[in-house]
Amino acid sequence: MSELATALSQQQHGAFRADVLAGLAQSPKTLPSRWLYDDRGSELFEQITQLAEYYPTRTETSILRAGAAEMARFCGDRPIVLEYGAGAGIKTQILIEALAAPRLYVPVDIAGDFLDQTVTRLRDCFPNLLTRSIVADFTQPFELPAWIPSGRRVAFFPGSTIGNLNPSETATFLQRMRRHVGADGRAIIGVDLKKSLEVLLPAYDDASGVTALFNLNLLRRINRELGGNFAIEGFRHSARWNERESAIEMHLVSTRAQSVLVSGRKFEFDQAESIHTESSRKYDVEGFERVARENGWVVGARWIDDQHLFALFGLQ
């Protein structure tokens, strides 16, 4: 491991420890959703995207396939593609195939080993496309490296991940992304739309229990990396709707009164007390366009499926 990689790993570990200790000391208890995505969490999330209940991935993929040519025209010729929270990069492949002579693909993700797998796969798919990754938490301040050339930059942020950010984080991220792409830049962002709870809730609490494993993996990560002693069987996954926040929330609920040690600190749980691990906010079209305008973007295009489940917005 290089000195830079070692420093990044140590920095991430320190941030993880600080967030966990601070979050478990709060009332109600909460943990930032970005820590769900270690390598195992990223693998589990990719499994979630294939589930029958999880409509966002297949809907967004169908929108991308149907609108790829229009999106390519929106992006322009020879673009530099910056993808935030790249994951497995499956949907990215659809966009890159449609683009006119893309110059460079730069995936950004917090899970370094998983990101390496994505880079390898994309290089195999597009051997003539220069691909270089950045290991970073895109929700936190970071600067783009000098090796990214000038030219038309396009930010790609699919998967409705923007819904995981609270309003303040959303504003900060949109402004940071605007600085990254520059005055002539563009962005394509996936946004999950408001819909009935009969569709929403099963997407975050599937019958086969993969989402539960994904959520509980955070406790396993704490045990492994921070010397925790969470009894995994003492917690259960819960998905619920928060009307005020227009969001599905994921929680880890304690099934009994218990004490937990993390990095030498003790935390008490009452029976039925929960840790809030993720919010997934849902927008209407007008609401997201307003947020984009407030943070320096103009909506130049939009692509929405026939059932109005999901939307991709082209920003400039």
Working note: Arg153 + Asp184, criterion salt bridge (charged side-chain N to carboxylate O under 4.0 Å, His left out); need CA distance, chi angles, decisive distance, verdict. CA-CA 8 Å; Arg153 295 178 178 181; Asp184 189 42; over 6 Å; no
Does any part of the side chain of Phe214, heavy atoms only, come nearer than 4.5 Å to the side chain of Glu43, both counted from C-beta? no
NZ on Lys91 to CG on Leu312, rounded to 0.5 Å: 8.5 Å
Checking Asn229 against Asn223: is there a side-chain donor and acceptor pair closer than 3.5 Å? no
Just checking Phe173 against His180, ring centres under 6.0 Å apart? no
Would a hydrophobic clustering, with Ile, Leu, Val, Met, Phe, Trp and Tyr connected at side-chain separations under 4.5 Å, put Ile90 with Ile48? no
Are the side chain of Arg65 and the backbone N or O of Ile94 linked by a donor-acceptor pair below 3.5 Å? no
Carefully, step by step, assess Phe45 and Tyr37 under the rule ring pair (Phe, Tyr, Trp, His ring centres under 6.0 Å). CA-CA 8 Å; Phe45 182 72; Tyr37 296 91; 5.7 Å; yes
Under 3.5 Å, is there a donor-acceptor pair between the side chain of Gln271 and the main chain of Ser254? no
Donor-acceptor check, side chain of Glu273 to backbone of Asp270, threshold 3.5 angstrom: yes or no? yes
Do Trp303 and Glu70 have side-chain atoms, one donor and one acceptor, less than 3.5 Å apart? yes
Roughly how far, to the nearest 0.5 Å, is the OG1 atom of Thr131 from the CZ atom of Arg123? 6.0 Å
CZ (Arg256) with more than 12 external heavy atoms under 6.0 Å: yes
Locate the shortest heavy-atom distance separating Asn164 from Glu169; write the atom from each residue and the value. O-OE1, 4.3 Å
Going by atom types only, do Lys282 and Ser280 share a side-chain donor-acceptor pair under 3.5 Å? yes
A side-chain contact here means heavy atoms from C-beta on lying under 4.5 Å apart; do Ile222 and Leu31 qualify? yes
So which heavy atom on Trp35 is nearest to which on Asp19, and how close? NE1-OD2, 2.8 Å
Hey, does His251 have a side-chain heavy atom less than 4.5 Å from the side chain of Arg240? yes
Among the clusters formed by ILVMFWY side chains lying less than 4.5 Å apart, do Val81 and Leu64 turn up in the same one? yes
Salt bridge flag under 4.0 Å for residues Asp77 and Arg152: no
Find out whether the Lys NZ or Arg CZ of Arg186 is both under 6.0 angstrom from the six-membered ring centre of Phe74 and within 45° of the ring's axis. yes
Verdict with reasoning, Arg176 to Phe138, per side chain to side chain contact (heavy atoms under 4.5 Å, CB included): CA-CA 9 Å; Arg176 181 184 303 122; Phe138 67 83; 6.0 Å; no
For Ser208 and Leu51: C-alpha separation, side-chain torsions, deciding distance, then whether side chain to side chain contact (heavy atoms under 4.5 Å, CB included) applies. CA-CA 9 Å; Ser208 57; Leu51 296 171; 3.7 Å; yes
With a 3.5 Å distance limit and no angle check, can you tell me whether Lys195 reaches the backbone of Leu193 through a side-chain donor-acceptor pair? yes
With distance as the sole criterion, is a donor-acceptor pair present between the side chains of Ser42 and Glu46 under 3.5 Å? no
What heavy-atom pair brings Ile134 and Pro145 nearest, and what distance separates the two atoms? CD1-CD, 3.4 Å
With a 4.5 Å cut-off on side-chain heavy atoms, are Ile304 and Val285 touching? yes
Pair Trp241, Ser246 - check side chain to side chain contact (heavy atoms under 4.5 Å, CB included), show working. CA-CA 8 Å; Trp241 174 249; Ser246 187; 3.8 Å; yes
Quick check: does any side chain N or O of Asp305 sit under 3.5 Å from a backbone N or O of Phe310, one acting as donor and the other as acceptor? yes
So Phe313 and Phe288, would you call those rings parallel, tilted or perpendicular, with 30° and 60° as cut-offs? tilted
Side chain to side chain, Arg281 and Asp192, heavy atoms closer than 4.5 Å: no
Ring pair (Phe, Tyr, Trp, His ring centres under 6.0 Å), that's the test. Do Phe267 and Phe230 meet it? Break it down for me. CA-CA 10 Å; Phe267 300 95; Phe230 275 98; 8.3 Å; no
How about Arg58 and Gln50: does a side-chain donor come under 3.5 Å of a side-chain acceptor? no
Please walk me through it: do Met250 and Leu36 pass side chain to side chain contact (heavy atoms under 4.5 Å, CB included)? CA-CA 11 Å; Met250 291 203 320; Leu36 291 162; 4.1 Å; yes
Compare all side-chain heavy atoms of Pro149 with those of Ile80 and state whether any distance is below 4.5 angstrom. yes
Quick one: CG on Leu82 to CG on Leu144, what's the gap to the nearest 0.5 Å? 6.0 Å
Do Tyr84 and Asp109 meet the criterion of a side-chain donor-acceptor pair at a distance under 3.5 Å? no
Is Val108 reachable from Met177 through a run of I, L, V, M, F, W or Y residues, each pair having side-chain heavy atoms under 4.5 Å apart? yes
Please examine the side chains of Phe269 and Ile275, heavy atoms only from C-beta on, and report whether any two atoms are closer than 4.5 Å. yes
How far does CD of Glu233 sit from CG of Leu216, to the nearest 0.5 angstrom? 10.5 Å
Check the surroundings of atom CG in Asp306: do more than 12 heavy atoms from other residues, nucleotides or ligands lie under 6.0 Å from it? no
Would you check if there is a donor-acceptor pair between the side chains of Asp206 and Thr211 at a distance under 3.5 Å? yes
Closest contact, heavy atoms only, Ser259 versus Glu268: OG-OE1, 2.7 Å
Taking atom types as modelled, find out whether Asn166 and Ser168 have a side-chain donor-acceptor pair closer than 3.5 angstrom. no
NZ/NE/NH1/NH2 to OD/OE distance under 4.0 Å, Arg17 and Glu225: no
Linking I/L/V/M/F/W/Y whenever their side-chain heavy atoms sit closer than 4.5 Å, directly or via other members, would Leu261 and Leu219 fall into one cluster? no
I'd like to know if the side chain of Ser263 reaches the main chain of Leu226, judged simply by a donor and an acceptor atom lying under 3.5 Å from each other, with no hydrogens or angles considered. yes
Could you grab the distance from atom CZ of Arg73 to atom CG of Leu99, nearest 0.5 Å is fine? 12.0 Å
Gln175, CD: over 12 other non-hydrogen atoms inside 6.0 angstrom: yes
What pair of heavy atoms forms the shortest contact from Arg178 to Gly296, and how long is it? NE-O, 2.7 Å
Indicate yes or no for a side-chain donor-acceptor contact from Ser62 to the backbone of Thr59 under 3.5 Å, with no hydrogens or angles considered. yes
Same apolar cluster (I L V M F W Y, side chains within < 4.5 Å links), Leu115/Leu129: no
From CG (Asn242) to OG (Ser279), nearest 0.5 Å: 7.0 Å
Can you find a heavy atom in the side chain of Asp205 that is under 4.5 Å from one in the side chain of Leu201? no
Side chain of Ser274, backbone of His276: donor and acceptor closer than 3.5 Å? no
Quiz question: by atom type and distance under 3.5 Å, do the side chains of Thr92 and Glu83 form a donor-acceptor pair? yes
What's the shortest heavy-atom distance between Gly190 and Ile162, and which atoms? O-CG2, 3.9 Å
